[in-house]
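Below is one structure, written out as structure tokens, with a few remarks after it.
Model, not experiment: these values are computed from the prediction.
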Amino acid sequence: TTTTTTTTELSMVFDFFRKRSEEGFAQVQNLADAASRGKLGEGLLDAALYTKETNEAFAVGLAKSRNRLLYDLEAAFSGGGDVLEELEDALIRADLGLGTAEDVLREVRSLREDSTEIFSRDDLRSVLRGKLIEALEGPIANGGMTRNVKFAEEGEGCPTVLFVMGANGMGKTTTIGKLASRLRNEGGQKVLVAACDTFRAGAVEQLEMWADRAEVECYSPSEEKKTPAAVLYGSLDAAIAGGYDTLIVDTSGRLSNNDALTQELAKMKRVIQKRLSKSNDEDGKPLMNFDVPHETLLVIDAAQGRMALESARQWNDEIGLTGLVLTKLDGSARGGSVVAVSRELGLPVKLIGVGEGIEDLRDFNPEAFVDGLLGIGSAGGKGGPSKSKGGGADEGKILAARLQEMRKARDERARAKKKEPVGAGVGVDFQEMDAPGAAPAAGAGTRGPPRKRGGDDVSGDGRPGSGPGGGGGDERTAEEEEEEQVQKEEGEAVKCARGVSGFFAISMSVRRDGRIEWWYPFSNKMSETESWVSAQPE
């Protein structure tokens, strides 16, 4: 009898790193069990060995990418040129992407601004580490996605369906075999794989071989069912009838610009949504169940770097993806591309292949990945004390604390700067006025808006008008023409002097009497309440 695992328990299946390293929860449980059996020493050894294995997977898999990036970073520091410019080039060469490189440089500049402290190499490493982790966590924090593989809920009445896509040669079929093995061994699941790649020669046989290695069942094409959609429909029937926990669907692997393939993939998703429908319409036809497939995963070869981005973007637009799987990390020097692809697509990386063995498919852990890429701690290949301020095991924590400290100091400088008077140190005495239309302060000497000529109307500076009773007719005196020219020049002065200073947009006007008027809003947003200020040169 096969013992299946509930969906609640399955939430831990793809928590490979967290359940053993996050706050040491699992290690504590294992140690408690070992101590109760009088085998505390064995428990300590087992916990240490498991943590070491998980970190070594990234240390070895990212060796080529790490060596290349660290070499370029060292050249940036010792090259004698513009360090920030060299840093940007190094990050782009590491396939981290232009957007990520700009984020890093922007953070470095903001942390250095107005700081009296020397910005060290470890400070830069702390910024690199923090910004790369934030880029990988972006889809989770901002997009409301999850890094764990999603499974069917209890009472859903259908098996979990994992729809796996990818171009030929990306490692898609291999990933399916490794994933099936993990589900069976770690989750105790009954797994069925569907060989729906009916286009590529040998694809069915390859998946059947991996199914044998993983010790799971494979649903293959037959004389009656040869097309991808027909094979998929048959596998759904078999999964439901056989009481399988999870169905993993292999798909045809052509390029994203192949319209026929894209249409076939879209059709296959509709087959799943109709076959697993939860209700019917008025005519008794099944309504689409948009909760399935539970995952649509795209497999990307790390060696492809950012070249895989365009295909991923097109498939995401036309098919809809829920996560990424990075493969062949152990043989690539382009591991940094995962940051660019995840950041630009807004999709989380859920699984990562770090070797050729059937057990070498790991849950993706951003911190361990970034540490492995930057050579930090045990995940970065350091077995002993690091060159940083602490040992290898604590190096990541030390760098994270340093980044937090620098950000706190930056925020404190910004608050102090914001409290300074706007005209401090300029030699100008500011007077605040309530609103643009308010009367000027006493002695300000500024003119109000000119009023219409005629009758008893007077212009803004109090001169008689030229209408009836004013004695001027439509003719203007030389003084009036001069006044009009001055107003025009002042308007041009305002346009020319308008600019940006700190957080305030400023306009300046120089009056005939030597007075200077400044205008700015006391906020970042122009639409908020504005204040007017005038000033008299000392």
For Lys274, salt bridge (charged side-chain N to carboxylate O under 4.0 Å, His left out) partners two or more places apart: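 By the salt bridge (charged side-chain N to carboxylate O under 4.0 Å, His left out) rule, Lys274 matches no residue at all.
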Val292: partners by side-chain contact (heavy atoms from CB on, under 4.5 Å), with sequence neighbours left out: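 Checked Val292 against side-chain contact (heavy atoms from CB on, under 4.5 Å); matches are Glu156, Ile272, Gln273, Leu276, Asn289, His294.
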With sequence neighbours excluded, residues passing side-chain contact (heavy atoms from CB on, under 4.5 Å) with Asp250: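 side-chain contact (heavy atoms from CB on, under 4.5 Å) check on Asp250 returns Lys172, Thr173, Ile176, Asp197, Leu207.
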Of all heavy-atom pairs between [X] and [Y], which one has the smallest distance, and what is that distance?
{"X": "Thr160", "Y": "Lys150", "value": "CG2-O, 3.8 Å"}
{"X": "Ala312", "Y": "Ile300", "value": "CB-CD1, 4.4 Å"}
{"X": "Thr296", "Y": "Pro293", "value": "OG1-CG, 3.6 Å"}
{"X": "Ala180", "Y": "Val191", "value": "CB-CG1, 4.0 Å"}
{"X": "Arg343", "Y": "Ala135", "value": "CD-CB, 4.3 Å"}
{"X": "Val193", "Y": "Ala211", "value": "CG2-CB, 4.0 Å"}

Salt bridge flag under 4.0 Å for residues [X] and [Y]:
{"X": "Glu310", "Y": "Arg313", "result": "yes"}
{"X": "Asp360", "Y": "Lys178", "result": "no"}
{"X": "Glu134", "Y": "Arg407", "result": "yes"}
{"X": "Asp103", "Y": "Lys131", "result": "no"}
{"X": "Glu117", "Y": "Arg402", "result": "yes"}

Side-chain ([X]) to main-chain ([Y]) donor-acceptor, under 3.5 angstrom:
{"X": "Asp123", "Y": "Ser120", "result": "yes"}
{"X": "Arg147", "Y": "Val349", "result": "yes"}
{"X": "Thr175", "Y": "Gly171", "result": "yes"}
{"X": "Arg182", "Y": "Gly177", "result": "no"}
{"X": "Asn168", "Y": "Gly253", "result": "yes"}
{"X": "Asp82", "Y": "Glu85", "result": "yes"}

Atom CZ of Arg112: over 12 foreign heavy atoms under 6.0 Å: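 Not buried by this count: 12 neighbours or fewer within 6.0 Å.
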Within 6.0 Å of CZ in Phe119, more than 12 heavy atoms from elsewhere: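 Result for CZ/Phe119: enclosed.
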Test salt bridge (Lys or Arg N to Asp or Glu O under 4.0 Å) applied to Asp114 and Arg109, Arg415, Lys417, Arg413, the passing residue: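 The option that passes is Lys417.
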Test side-chain contact (heavy atoms from CB on, under 4.5 Å) applied to Ser126 and Ile376, Leu403, Ile398, Leu111, the passing residue: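 Considering Ile376, Leu403, Ile398, Leu111, a side-chain contact (heavy atoms from CB on, under 4.5 Å) with Ser126 is found only for Leu403.
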Option among Val325, Leu297, Asp363 that satisfies the side-chain contact (heavy atoms from CB on, under 4.5 Å) test with Lys350: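 Output: one option passes, namely Leu297.
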Any heavy-atom pair between the side chains of [Y] and [X] that's under 4.5 Å?
{"X": "Val339", "Y": "Phe369", "result": "yes"}
{"X": "Met145", "Y": "Leu347", "result": "yes"}
{"X": "Leu132", "Y": "Thr100", "result": "yes"}
{"X": "Leu87", "Y": "Leu124", "result": "yes"}
{"X": "Met165", "Y": "Phe163", "result": "yes"}
{"X": "Thr327", "Y": "Thr174", "result": "no"}
{"X": "Ser252", "Y": "Cys196", "result": "no"}
{"X": "Phe364", "Y": "Pro348", "result": "no"}

Spacing of [X] atom [atom1] and [Y] atom [atom2] [to the nearest 0.5 Å]:
{"X": "Leu351", "Y": "Leu326", "atom1": "CG", "atom2": "CG", "value": "10.5 Å"}
{"X": "Ser277", "Y": "Leu287", "atom1": "OG", "atom2": "CG", "value": "5.5 Å"}
{"X": "Leu309", "Y": "Leu345", "atom1": "CG", "atom2": "CG", "value": "5.5 Å"}
{"X": "Leu192", "Y": "Ile248", "atom1": "CG", "atom2": "CD1", "value": "9.0 Å"}
{"X": "Asp245", "Y": "Leu183", "atom1": "CG", "atom2": "CG", "value": "9.0 Å"}
{"X": "Phe151", "Y": "Glu154", "atom1": "CZ", "atom2": "CD", "value": "13.5 Å"}

Step-by-step side chain to side chain contact (heavy atoms under 4.5 Å, CB included) determination, Glu88 to Leu98: CA-CA 8 Å; Glu88 182 178 24; Leu98 180 60; 3.9 Å; yes
Audit row: Trp210, Val216, side chain to side chain contact (heavy atoms under 4.5 Å, CB included) steps and yes/no: CA-CA 9 Å; Trp210 273 102; Val216 300; over 6 Å; no
Val83 and Glu86: CA distance, side-chain angles, deciding distance, side chain to side chain contact (heavy atoms under 4.5 Å, CB included) verdict: CA-CA 5 Å; Val83 175; Glu86 294 290 337; 5.8 Å; no
Those residues that, when tested against Ser110, pass side-chain hydrogen bond (donor to acceptor under 3.5 Å, both in side chains) (two or more places apart):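 side-chain hydrogen bond (donor to acceptor under 3.5 Å, both in side chains) list for Ser110, sorted by chain: Arg410.
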Expected list for residues 314-321: side-chain donor-acceptor pairs under 3.5 angstrom, two or more places apart:
from: Gln314; atom 1: NE2; to: Ser256; atom 2: O; distance (Å): 2.9
from: Asn316; atom 1: OD1; to: Leu321; atom 2: N; distance (Å): 3.1

Summary of salt bridge (Lys or Arg N to Asp or Glu O under 4.0 Å) pairs that have at least one residue in residues 71-80, sequence neighbours excluded: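 Non-adjacent pairs meeting salt bridge (Lys or Arg N to Asp or Glu O under 4.0 Å): Asp72-Arg93, Glu74-Arg121.
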Side chain to side chain contact (heavy atoms under 4.5 Å, CB included) between Leu265 and Leu261, intermediate numbers included: CA-CA 6 Å; Leu265 293 172; Leu261 170 65; 4.1 Å; yes
